[in-house]
Asks: 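Here it is: the structure, laid out below.
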Amino acid sequence: MKTRTKVVVIGGGIAGCSTLYHLTKEGWSDVVLLERNNLTSGTTWHSAAQVTNFGMNQTMVGLKKHSIELYRDLANDPNFPVNYNYADGGIRLANTEEQMDAYRHFTSMGRGMGVDFEVIDAEECKRRHPLISTDNLLGGWWDPHDGNIDPYQLCNALTGRAKNAGAEVYTDTPVTALDQYKDGTWKVTTHKGVIDCDIVVNAGGYRVNEVAKMMNMHHPVASMEHQYFLTEDIPAIENAGHRMPLLRCPISDYYCRQDKNGLLIGFYEQDCKPWGMDGIDPNFVNALCPDDLDRVTDVLEGAFARMPALKEVGIRNIVNGPITYTIDGTPLVGKIPGKENAFCIIGLRAGIGEGGGHGWLLAQQIVHGEACYDTWCLDPARFTSHTNVELTSLKAIEDYQNEFRFHFPHEHRPAGRSAKTTSLTPIMTENNAEFTVVNGWERVDFIKPTKDFKCTHSFNFDEAFSVVGKEVANVQNNVGICEVNGFNRFEITGEDTDSFIDRMFCGKITHKPGRVGLGYLLNELGMIKGEATIANIPESERGPKRVWYGSAAASELHDMDWLTQHIKQDEKVSIKSLTNNQTILIIAGPNSRKVISACSRENWSKEAFPWLSVRECFIGFSPATIMAVSFSGEMAYEIHIPNESLYAAYQSLTKAGTEFGMQIFGARAVESMRMEKGFLAWKHDLITEYDPFETGLNRFTNLQKEDFIGKAALQKRFASGLKKKLVCLNINCKHAPAPGGASLMDGDKVVGTISSGEWGYRVNQNLAYAFVNIDKAEIGTKMDLDLFGKLVEAEVMPFAPYDSNFSRILA
Ligand SMILES: Cc1cc2nc3c(=O)[nH]c(=O)nc-3n(C[C@H](O)[C@H](O)[C@H](O)COP(=O)(O)OP(=O)(O)OC[C@H]3O[C@@H](n4cnc5c(N)ncnc54)[C@H](O)[C@@H]3O)c2cc1C
């Protein structure tokens, strides 16, 4: 075995094989795959191996599209035979209008990604799949590219091509230890000896946490037992004259595809079973779990009802194997946060279909630092330390039980709730709060008018529409209070803090004590990496001169990794996270100055504390750090309170606020108001696929600055001119917000994609942000939004339509 290489990929299932192949495609040939047994001996060998293009967001559709194109290419390569039933087509069934609308939205999104999904009615479903009954069926979502592949041949073809390009594959080579040298490179110990490398990749499948343990860590991945069976031949299939399309059923929780002249049916039963929670037998290799068809009886009945022909045939074979789930059901593909030169491609629950694409995006990240699509939905940094084994398995069970039931907007499922709360959570509950969840934090979404008030899950405006409108109106006319927990907050200290920050941000950032600035971080390719406020806190009895870096909730590990990896060796900068120590209370509205003046002794006049100021003070007797910043477009104060004083500060503020009409407002009101004011949301409008000029952040970008990360690449992009531009749209419809990912059309041509959409209550307009082709960016340009399969007019309007001269913030 080699003793040195650039990358060691651990695991020879689809995840590892695809990564290895794509590393060679990206130009790295000195790469090695180590497999403890033989290729595919984990989960991959026994997979049902369906390959679909269905995806709930653009990144997932894009990566699956890549898988399909790659697999077709492999299947046509005579050097490595691969059986691929390509383009049998597949139907995802629906029995509610809400599901059908969602499918129409996913179809609109697919158009933008170059994939032609189709929404069909129940009769058409039956025409395409003659075995099904149309009882309790409204229709389905058709993927013309659905099919299935031989997973063993697939992995051999990928590694075969990789080996031809210079990669090496060692089977029967278990990795037993991982140690990091001082320079950040790795020592990989195996039964066959040691191999040193620059980068390691964990592709260990259900043994992910055995490998993670060698790095002293744990990933939020758990395994669930999953069963399918194969039937004997079915005469109706033999006589059909064409292959049956695939089926996925969110009504009764099964999938089904043709296998020989029978069917393969897989089940997602409610009475499901986590696997390997207390360790995995080292001899579980090319192995299966014991059959247990009793568990799936309920699901089976649903499948029988949909396909009566099933009742007539016997079972040929049963397969029960472990399948991995993450805490939100989407894999973890990318850099491992907090670890140098370590990546993972784990938690794949549909790894055969997706694996080609995941390996592609991972290899791009390893080689170029970023992939062609924004990969936040896959980023291992999207969860923080609360995601232990217990929480992961609770969410894995819930996800398994809802396999084909996608999340609707504003839907937060019950498992593993209250992972992160504050002393105000019970008070908000008493006030009838409906909660949303952000990285485990329970955040007020809105205040329900009654305790048992419920919203219908759909893509339309729901029953909370007018409730949220009232919260906005109270902020606009009086004053509102909003708890923002989990907001990311780092304290940056050290004598090189200012120059470090200058290098990290693409624009000018104030270093003036007592002042706050907003700025954007780019990656090396000149694309948007992050957004943060910088508050310069002067030296005080609470600490030395320091900077508070504030960014989106859930960005903690992502931003910490990015910042710390850019501190130069000789730079005196230290960064400490305060995310879990502080909570923000926002008070916003024309009466907010009166409220704050009533419970704090400072001078809050606009002369003494103008917009974008920061000061340390007390709210009542609670220590507070207050910033005059506004996301709502109203006069507002962001009050940062240490968690132990949060309850007391809240009491002081609400007592002072009563006479000024202060009421709680939640995240939905914030979302609406920020859109009216032209503020952007990280990982919606601010993504790695666009640069700051395309995102309209010219005033936050300064190419004359001496240096900043991404400057050289951005200069080149700037010189070649804009191709896309973020615009604000007025959507001519009243029943639904424009959903993220929906396509904007000019005739048959996709000319843009929605990034955010929400009703603007103060401007009384249905607002959306979208990235559009540059020739569609002029104010007044009209185009059509493909909204659930219907075209509605969308017109480009000025950004930030509410109070464009900032008179309310500056009052
Ligand atoms: C019953 C069933 C049906 C399924 N049907 C589908 C489907 O229709 N479509 C679909 O897309 N997906 C399906 N899946 C899921 C899919 O099979 C998996 O997502 C995929 O196979 C996971 O691949 P992997 O490479 O991540 O893991 P694995 O295939 O488990 O590979 C991991 C590899 O890492 C190796 N390894 C572990 N530890 C070490 C170590 N210390 N040193 C060296 N090597 C190590 C293991 O030996 C193993 O070979 C199904 C799964 C099951 C169980």
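Heads up: numbering here begins at 1 and tracks the sequence. Atoms within a ligand are numbered from 1 in the order they appear, just like the ligands themselves.
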Asks: Starting from atom 43 (C) of ligand 1, locate the nearest protein heavy atom and write down its residue, its atom name and how far away it is, to 0.1 Å.
Replies: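 Looking at atom 43 (C) of ligand 1, the protein heavy atom closest to it is R36 N, 3.1 Å.
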
Asks: Closer than 4.0 Å to some heavy atom of R207 - which atoms of ligand 1 meet that?
Replies: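 Once the distances to R207 are compared, the set is 37 (C), 38 (N).
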
Asks: Distance under 4.0 Å to a non-hydrogen atom of G11: what atoms of ligand 1 satisfy this?
Replies: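 Atoms satisfying the 4.0 Å criterion: 33 (C), 34 (O), 35 (C), 44 (N).
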
Asks: Take atom NZ in K2; do more than 12 heavy atoms of anything else shown fall under 6.0 Å from it?
Replies: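 Above 12, so yes.
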
Asks: Closer than 4.0 Å to some heavy atom of T44 - which atoms of ligand 1 meet that?
Replies: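 So the atoms of ligand 1 that pass are 20 (C), 21 (O), 23 (O), 25 (O), 28 (P), 29 (O).
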
Asks: Can you tell which of Y325, Y255, Y254 makes a side chain to side chain donor-acceptor pair (under 3.5 Å) with E403?
Replies: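 Per the side chain to side chain donor-acceptor pair (under 3.5 Å) rule, the option paired with E403 is Y325, out of Y325, Y255, Y254.
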
Asks: Tell me whether R128 forms a cation-pi arrangement with W142, defined as NZ or CZ under 6.0 Å from the six-membered ring centre and within 45 degrees of its axis.
Replies: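 Yes - R128 lies over the ring of W142, closer than 6.0 Å to its centre and within 45° of its axis.
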
Asks: Can you find an N/O atom of V211 closer than 3.5 Å to an N/O atom of ligand 1?
Replies: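 Not met; the criterion fails.
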
Asks: Who's the nearest protein heavy-atom neighbour of atom 51 (C) of ligand 1, and how far?
Replies: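 Checked against all protein heavy atoms, atom 51 (C) of ligand 1 sits closest to I323 CD1, 3.4 Å.
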
Asks: For ligand 1, note which part of L34 has a heavy atom under 4.0 Å away: side chain, backbone, both or neither.
Replies: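 Backbone only.
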
Asks: Flag I345 as yes when one of its N or O atoms lies below 3.5 Å from any N or O atom of ligand 1, and as no otherwise.
Replies: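 No.
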
Asks: Report the nearest protein non-hydrogen atom to atom 30 (O) of ligand 1: residue, atom name, distance rounded to 0.1 Å.
Replies: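 Closest protein heavy atom to atom 30 (O) of ligand 1: T43 N, 2.9 Å.
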
Asks: Could you name each residue pair satisfying ring pair (Phe, Tyr, Trp, His ring centres under 6.0 Å) that touches residues 283-309, not counting sequence neighbours?
Replies: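 The answer is Y206-F284, W275-F284.
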
Asks: Tell me whether P174 has any N or O atom under 3.5 angstrom from an N or O of ligand 1.
Replies: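 No; the residue has no nitrogen or oxygen that sits under 3.5 Å from a nitrogen or oxygen of the ligand.
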
Asks: Could you tell me whether some N/O pair between Q50 and ligand 1 is separated by less than 3.5 angstrom?
Replies: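 Between Q50 and ligand 1, an N or O pair is found under 3.5 Å apart.
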
Asks: State whether R349 and D399 are salt-bridged, where the test is any N-O pair (Lys NZ or Arg NE/NH1/NH2 against Asp/Glu carboxylate O) under 4.0 Å.
Replies: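 D399 and R349: salt-bridged.
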
Asks: Answer yes or no: is there a donor N or O on one side and an acceptor on the other, between the side chain of R36 and the main chain of P282, under 3.5 Å?
Replies: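 The answer is yes, because a donor-acceptor pair under 3.5 Å joins these two groups.
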
Asks: Please state which part of E354 comes within less than 4.0 Å of ligand 1, counting heavy atoms only: side chain, backbone, both or neither.
Replies: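 Neither; nothing of E354 gets under 4.0 Å from ligand 1.
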
Asks: Of all the atoms in ligand 1, which lie at a distance below 4.0 Å from a heavy atom belonging to Y228?
Replies: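 It comes down to these atoms of ligand 1: 1 (C), 3 (C).
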
Asks: Of the protein's non-hydrogen atoms, which lies at the shortest distance from atom 2 (C) of ligand 1, and what is that distance?
Replies: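 Answer, as residue, atom name and distance: H226 CD2, 3.4 Å.
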
Asks: Check ligand 1 against A203 and write out every atom of the ligand that is under 4.0 Å from a heavy-atom position of the residue.
Replies: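 So the atoms of ligand 1 that pass are 32 (C), 33 (C), 34 (O).
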
Asks: Output yes when K395 and E398 qualify as a salt bridge under the 4.0 Å nitrogen-oxygen rule, no when they do not.
Replies: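 Salt bridge present between K395 and E398.
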
Asks: Around atom 25 (O) of ligand 1, find the nearest protein heavy atom and jot down its residue, atom name and distance.
Replies: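 Ranking protein heavy atoms by distance from atom 25 (O) of ligand 1, first comes A15 N, 3.0 Å.
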
Asks: Can you list the atoms of ligand 1 that are under 4.0 Å from a heavy atom of P322?
Replies: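 By the 4.0 Å cutoff, the relevant atoms are 53 (C).
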
Asks: Between CG of N53 and NZ of K65, what distance do you get to the nearest 0.5 Å?
Replies: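 Between N53 CG and K65 NZ, I get 8.0 Å after rounding to 0.5 Å.
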
Asks: Can we say R248 and D146 salt-bridge, meaning some charged N sits less than 4.0 Å from an Asp/Glu carboxylate O?
Replies: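 Judged by the 4.0 Å cut-off on N to carboxylate O distance, R248 and D146 do form a salt bridge.
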
Asks: Could you grab the distance from atom SG of C249 to atom CG of N95, nearest 0.5 Å is fine?
Replies: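 Here the interatomic distance stands at 8.0 Å.
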
Asks: Please state whether W45 comes within less than 4.0 angstrom of ligand 1, counting heavy atoms only.
Replies: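 Under 4.0 Å: no for W45.
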
Asks: Decide, yes or no, whether a salt bridge links D88 with R257 under the criterion of side-chain N to carboxylate O below 4.0 Å.
Replies: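 Answer for the salt bridge query: no.
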
Asks: Which protein heavy atom lies closest to atom 6 (C) of ligand 1, and at what distance to 0.1 Å?
Replies: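 Answer, as residue, atom name and distance: S47 OG, 3.1 Å.
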
Asks: For ligand 1, which atoms sit closer than 4.0 Å to a heavy atom of I10?
Replies: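 Numbered from 1, ligand 1 contributes 40 (C), 42 (N), 43 (C).
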
Asks: At what distance is the nearest protein heavy atom to atom 16 (C) of ligand 1, and which residue and atom is it?
Replies: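 Sorting protein heavy atoms by distance from atom 16 (C) of ligand 1 puts G351 N, 3.7 Å first.
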
Asks: Which atoms of ligand 1 have any heavy atom of A49 under 4.0 Å away?
Replies: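 With A49 as reference, the close atoms of ligand 1 come out as 5 (N), 6 (C), 7 (C), 8 (O), 9 (N).
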
Asks: With respect to atom 40 (C) of ligand 1, which of V175, V188, V208 exhibits the smallest heavy-atom separation?
Replies: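 Nearest option to atom 40 (C) of ligand 1, by heavy atoms: V175.
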
Asks: So, 4.0 Å and heavy atoms of G266: is ligand 1 close enough to count as a contact?
Replies: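 Checking ligand 1 against G266, which is what was asked, there is no heavy-atom contact under 4.0 Å.
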
Asks: Which residue pairs satisfy the ring pair (Phe, Tyr, Trp, His ring centres under 6.0 Å) criterion with at least one member in residues 23-49, sequence neighbours excluded?
Replies: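 Listed once each, the pairs would be none.
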
Asks: Can a donor-acceptor pair be found, under 3.5 Å and without considering hydrogens, that links the side chain of Q258 to the backbone of P245?
Replies: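 Side chain of Q258 to backbone of P245, a donor-acceptor pair under 3.5 Å: no, none is there.
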
Asks: If you draw a 6.0 Å radius around CG in D116, do more than 12 non-hydrogen atoms from other residues or ligands fall strictly inside?
Replies: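 For D116, atom CG is not crowded (no more than 12 foreign heavy atoms under 6.0 Å).
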
Asks: Would you call H46 a ligand 1 contact, heavy-atom distance under 4.0 Å?
Replies: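 It does, in that a heavy atom of H46 comes within the 4.0 Å cut-off of ligand 1.
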
Asks: When you measure from atom 49 (O) of ligand 1 to every protein heavy atom, which one gives the shortest distance, and what is it?
Replies: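 Nearest protein contact, heavy atoms only, for atom 49 (O) of ligand 1 is E35 OE1, 2.7 Å.
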
Asks: Side chains of D292 and N320: is there a donor and an acceptor less than 3.5 Å apart?
Replies: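 Checked: D292/N320 side chains show no N/O donor-acceptor pair below 3.5 Å.
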
